[in-house]
Amino acid sequence: MPELPEVETVRRGLCSLVEGAQIVDARITCRKFRILIPEGLEQSLKGRRILSIGRRAKYLLLELDGGGGRLVVHLGMSGKFFVRNVGQQQGKHEHVTLRLADGREIIFQDARRFGLFLPLTEEHAASLLEHLGPEPFAEDFSADYLAQSLARKGQAIKIVLMDQELVVGVGNIYASEVLFRTSINPATPARDCVHKAAELVCVIREVLQEAIEAGGSTLRDYANASGDSGYFQHNFKVYGRAGESCVVCASKIESIRQGGRSSFFCPACQK
DNA sequence: CCTAGACCCTGTACGC
DNA sequence: TGCGTACAGGGTCTAG
């Protein structure tokens with residue numbers, strides 16, 4: 001499901017809905033995720049207040065009070081993290097339920113279980129977060145930095161943009177959209193894109209920012225923390241549009257496989 | 001080092 | 001209707 005804009009949308013929603021709320025009960029019905037949820041987490045969550053909800057890359061970080069430390073949550077491909085009001089019906093694959101004092105529940109639901117839900121130990125902080133590249137909106141994601149990084153890589157630019165060690169938050173959808181807006185063919189070796197580094201920095205920020213402002217993209221059944229859809233999918237220029245006409249030149253949008261994922265591009269606009 | 005590919009898992013869409 | 005296949009927004013590990 002989620003690239004940076006979707007995760008940020010979820011974060012903002014949760015902040016406004018449950019920041020400061022107290023967890024009165026926790027229920028975990030499946031522990032088998034990318035990393036096993038440790039036994040006994042339920043007990044350690046009881047009575048904790050959620051002080052703040054942050055984000056690093058596509059990871060959500062929930063700060064708890066009372067020495068509860070932090071929870072790290074990743075949505076993988078199919079994960080959802082949302083608040084359910086009293087009386088709303090339960091769905092399938094609701095693996096973690098945090099009941100709040102007012103009766104609402106925070107639900108972590110993830111059909112494919114590629115996500116994770118963990119107390120953030122030192123070890124996990126090191127293995128999950130330490131190797132991550134700069135945030136796209138941070139100053140250290142600069143044109144110079146990107147130019148130097150691209151110069152060292154012969155891999156296709158599409159693959160490189162999705163590498164979370166280079167810059168975090170760009171996934172399969174936004175990589176295709178960024179390359180369309182910068183007129184770069186997704187198969188171009190990264191080192192041949194050095195001259196476009198400054199433009200890439202701008203466009204990556206622009207695309208992600210627009211998507212955040214649209215409340216993320218909703219494909220299939222993704223929803224934000226309140227269960228609402230995003231709107232950015234209506235702004236896709238190439239993603240998921242194979243065979244349709246390019247909005248600029250009317251050529252047919254093509255689809256190729258790169259690193260096991262689909263890439264979409266206009267063969268005329270993106271040489 | 002670097003790369004391509006398999007793999008984790010379930011749901012859905014589509015062709016036969 | 002049912003079955004088989006391919007594919008889905010991510011990340012990690014392995015083999016070459």
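The sequence lines fix the lettering, A, B, ..., with proteins before strands; numbering per chain opens at 1. Basis for what follows: all heavy atoms, side chains included, without hydrogens, waters or symmetry-related copies. Model, not experiment: these values are computed from the prediction.
Under the 30°/60° scheme for interplanar angles, the aromatic rings of Phe117(A) and Phe81(A) are found to stand perpendicular. The aromatic rings of Phe141(A) and Tyr145(A) stand perpendicular to each other, their planes meeting at an angle above 60°, with 30° marking the opposite boundary. The aromatic rings of Phe232(A) and Phe236(A) lie perpendicular to each other, with more than 60° between the two planes, well past the 30° mark.
Taking atom C1' on both dA6(C) and dA6(B), the two are 16 Å apart, rounded to the nearest angstrom.
Checked against dC8(B), dT10(B), dA4(B), the side chain of Lys32(A) finds its nearest nucleotide in dC8(B).
In this entry the distance linking OH of Tyr59(A) with P of dG10(C) reads 12 Å, nearest Å. Atom CE of Met162(A) is separated from atom C1' of dG9(C) by 9 Å (rounded to the nearest Å). With rounding to whole Å, Arg257(A) atom CZ is found 11 Å from dG5(B) atom P.
Side-chain nitrogen and oxygen atoms of Tyr174(A) include none within less than 4.0 Å of the OP1 or OP2 phosphate oxygen of dG9(C). In this structure, Ser262(A) reaches the dA8(C) phosphate: one of its side-chain N or O atoms is under 4.0 Å from OP1 or OP2. At least one side-chain nitrogen or oxygen of Lys58(A) sits closer than 4.0 Å to the OP1 or OP2 atom of dG11(C). Applying the 4.0 Å criterion to OP1 and OP2 of dC9(B), one finds that His93(A) has every side-chain N and O outside that range. The phosphate of dG10(C) (OP1 or OP2) has a side-chain N or O of Arg261(A) nearer than 4.0 angstrom.
Stacking between Phe114(A) and dG10(C) is present: the aromatic ring centre lies within less than 5.5 angstrom of the base six-membered ring centre, and the two planes differ by under 30 degrees.
Nearer the 5' end of DNA chain C, as judged by each residue's closest nucleotide, is the contact made by Arg112(A), out of Gln164(A) and Arg112(A). Along DNA chain C, the nucleotide nearest Phe264(A) and the nucleotide nearest His74(A) are compared for position; the residue whose nucleotide lies closer to the 5' end is Phe264(A).
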What side-chain donor-acceptor pairs closer than 3.5 Å can you find for residues 159-171 of chain A, not counting sequence neighbours?
from, atom 1, to, atom 2, distance (Å)
Asp163(A), OD1, Glu165(A), N, 2.9
Gln164(A), OE1, Gly169(A), N, 2.8
Gln164(A), NE2, Met162(A), O, 2.9
Gln164(A), NE2, Val170(A), O, 3.2

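Applying the salt bridge (charged side-chain N to carboxylate O under 4.0 Å, His left out) test to Glu244(A) and every residue at least two apart in sequence or in another chain returns Arg241(A).
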Item to complete: Return one dot-bracket line describing DNA chain B 5' to 3' (Watson-Crick or G-U wobble pairs, both distances under 3.5 Å; ( ) same strand, [ ] crossing, | another strand, . none).
Response: .|||||||.|||||||
